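Just below is one structure, and these are the notes that go with it.
Please read these numbers as outputs of a predicted model, since none were measured by experiment.
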Amino acid sequence: QVQLVESGGGLVQAGGSLRLSCAASGRTFSRYSMAWFRQAPGKEREFVAASWTDGRTYYADSVKDRFTISRDNAKTMVYLQMSSLKPEDTADYYCAASLLTGAIFTSGYNYWGQGTQVTVSS
């Protein structure tokens with residue numbers, strides 16, 4: 001069982017930066033692939049970035065070269081550094097965990113945080 005708590009959301013101007021954090025419970029954190037998803041109002045939840053247990057990271061095309069996912073297994077934390085933010089990045093951002101490697105769909109993740117809101121003003 002993994003419990004996830006996101007933080008770091010807020011209001012930022014376009015072009016700005018923000019870092020999201022996700023604190024995970026459990027002593028087996030390193031065995032989990034971690035990902036960030038987001039959901040804008042009226043839209044489906046979509047994949048943003050993943051850090052898989054084989055060491056690979058993967059990004060949605062829409063955030064590639066702007067966002068960076070990282071993890072600290074010793075602190076059981078995962079981060080999403082977001083830069084060059086755009087109004088279309090506005091959404092609730094969710095941290096997710098999975099024992100699978102390579103998943104980019106919501107169905108591949110078993111554990112979810114409650115979300116943190118990011119608003120990018122133009």
Side-chain angles (χ1 to χ4, degrees):
Q1 194 81 353
V2 178
Q3 292 183 325
L4 305 171
V5 179
E6 303 95 334
S7 61
L11 174 64
V12 62
Q13 288 189 330
S17 299
L18 208 57
R19 189 177 83 153
L20 305 183
S21 299
C22 174
S25 67
R27 294 176 291 178
T28 59
F29 177 77
S30 62
R31 296 172 57 189
Y32 287 86
S33 291
M34 301 299 297
W36 289 93
F37 288 77
R38 67 186 182 187
Q39 187 167 17
K43 295 188 177 182
E44 292 187 353
R45 195 168 295 188
E46 65 175 5
F47 171 81
V48 175
S51 172
W52 294 321
T53 53
D54 62 3
R56 291 181 295 158
T57 57
Y58 188 77
Y59 298 90
D61 288 342
S62 59
V63 306
K64 201 174 295 182
D65 299 326
R66 298 190 299 122
F67 290 10
T68 301
I69 187 170
S70 61
R71 63 191 295 164
D72 185 331
N73 288 338
K75 295 182 178 179
T76 66
M77 295 287 294
V78 62
Y79 306 98
L80 185 68
Q81 179 67 47
M82 305 184 293
S83 59
S84 302
L85 283 161
K86 305 175 182 180
E88 51 263 44
D89 294 318
T90 295
D92 291 327
Y93 282 72
Y94 297 88
C95 177
S98 172
L99 288 173
L100 301 176
T101 296
I104 61 170
F105 299 104
T106 56
S107 58
Y109 290 83
N110 309 93
Y111 305 101
W112 294 86
Q114 83 290 347
T116 186
Q117 188 174 58
V118 172
T119 303
V120 184
S121 62
S122 57

Original post:
With a 3.5 Å cut-off and no angle check, do the side chains of Ser33 and Ser98 form a donor-acceptor pair?
Top reply: no

**OP:** Output yes when a side-chain donor or acceptor of Ser83 lies under 3.5 Å from a complementary backbone atom of Arg66, and no otherwise.
**Re:** yes

Original post:
Within a strict 4.5 Å, meaning less than it, do heavy atoms of the Tyr93 and Glu6 side chains meet?
Top reply: no

**OP:** State, with a plain yes or no, whether a side-chain heavy atom of Met34 is found less than 4.5 Å away from one of Val2.
**Re:** no

Subject >> Separation of Tyr94 OH from Gln114 CD (nearest 0.5 Å) >> reply: 8.5 Å

Subject >> Over all atoms of both residues, closest heavy-atom pair of Tyr59 and Ile69 >> reply: OH-N, 2.9 Å

Subject >> Gln13 atom CD: more than 12 heavy-atom contacts under 6.0 Å >> reply: no

**OP:** Name the orientation class of the two ring planes belonging to Trp52 and Tyr58 (parallel below 30°, tilted from 30 to 60°, perpendicular beyond 60°).
**Re:** parallel

Original post:
Near Glu88 CD, under 6.0 Å, is it more than 12 heavy atoms from other residues, nucleotides or ligands?
Top reply: yes

Original post:
Rounded to the nearest 0.5 Å, how far does CZ of Arg38 lie from CZ of Arg45?
Top reply: 13.0 Å

Subject >> Spacing of Thr53 atom OG1 and Phe29 atom CZ [to the nearest 0.5 Å] >> reply: 11.0 Å

**OP:** Would you list the pairs meeting disulfide (SG to SG under 2.5 Å) in which at least one residue belongs to residues 24-71, sequence neighbours left out?
**Re:** none

Original post:
Got a second to check how far Tyr32's OH is from Tyr111's OH, nearest 0.5 Å?
Top reply: 4.5 Å

Original post:
Does CG belonging to Asp54 count more than 12 external heavy atoms closer than 6.0 Å?
Top reply: yes

Subject >> Lys43 atom NZ, neighbour heavy-atom count above 12 within 6.0 Å >> reply: no

Subject >> Any pair counted as disulfide (SG to SG under 2.5 Å), so long as it reaches residues 9-120, sequence neighbours left out >> reply: Cys22-Cys95

Original post:
Who else is in the cluster with Leu11 when I, L, V, M, F, W and Y are joined by side-chain contacts under 4.5 Å?
Top reply: none

Subject >> Close side-chain approach of Trp36 and Phe67, heavy atoms under 4.5 Å >> reply: no

**OP:** Determine whether Val118 and Tyr79 fall in the same hydrophobic cluster, where Ile, Leu, Val, Met, Phe, Trp and Tyr are linked whenever their side-chain heavy atoms lie under 4.5 Å apart.
**Re:** no

Subject >> Passing option when Phe47 is tested against Tyr109, Phe37, Phe105 for ring-ring contact (aromatic ring centres under 6.0 Å, His included) >> reply: Phe37

Original post:
Which heavy atom of Ser17 sits nearest a heavy atom of Val12, and at what distance?
Top reply: O-CG2, 3.9 Å

Subject >> From CA spacing to verdict: salt bridge (Lys or Arg N to Asp or Glu O under 4.0 Å), Asp89, Lys86 >> reply: CA-CA 5 Å; Asp89 294 318; Lys86 305 175 182 180; over 6 Å; no

**OP:** Kindly compute the distance separating CD (Gln81) from OG (Ser70), expressed to the nearest 0.5 Å.
**Re:** 8.0 Å

**OP:** Output the distance between atom CE (Met82) and atom CG (Leu18), rounded to the nearest 0.5 Å.
**Re:** 4.5 Å

Subject >> Shortest non-hydrogen contact between Ser122 and Pro87, atoms and distance >> reply: CB-CG, 3.8 Å

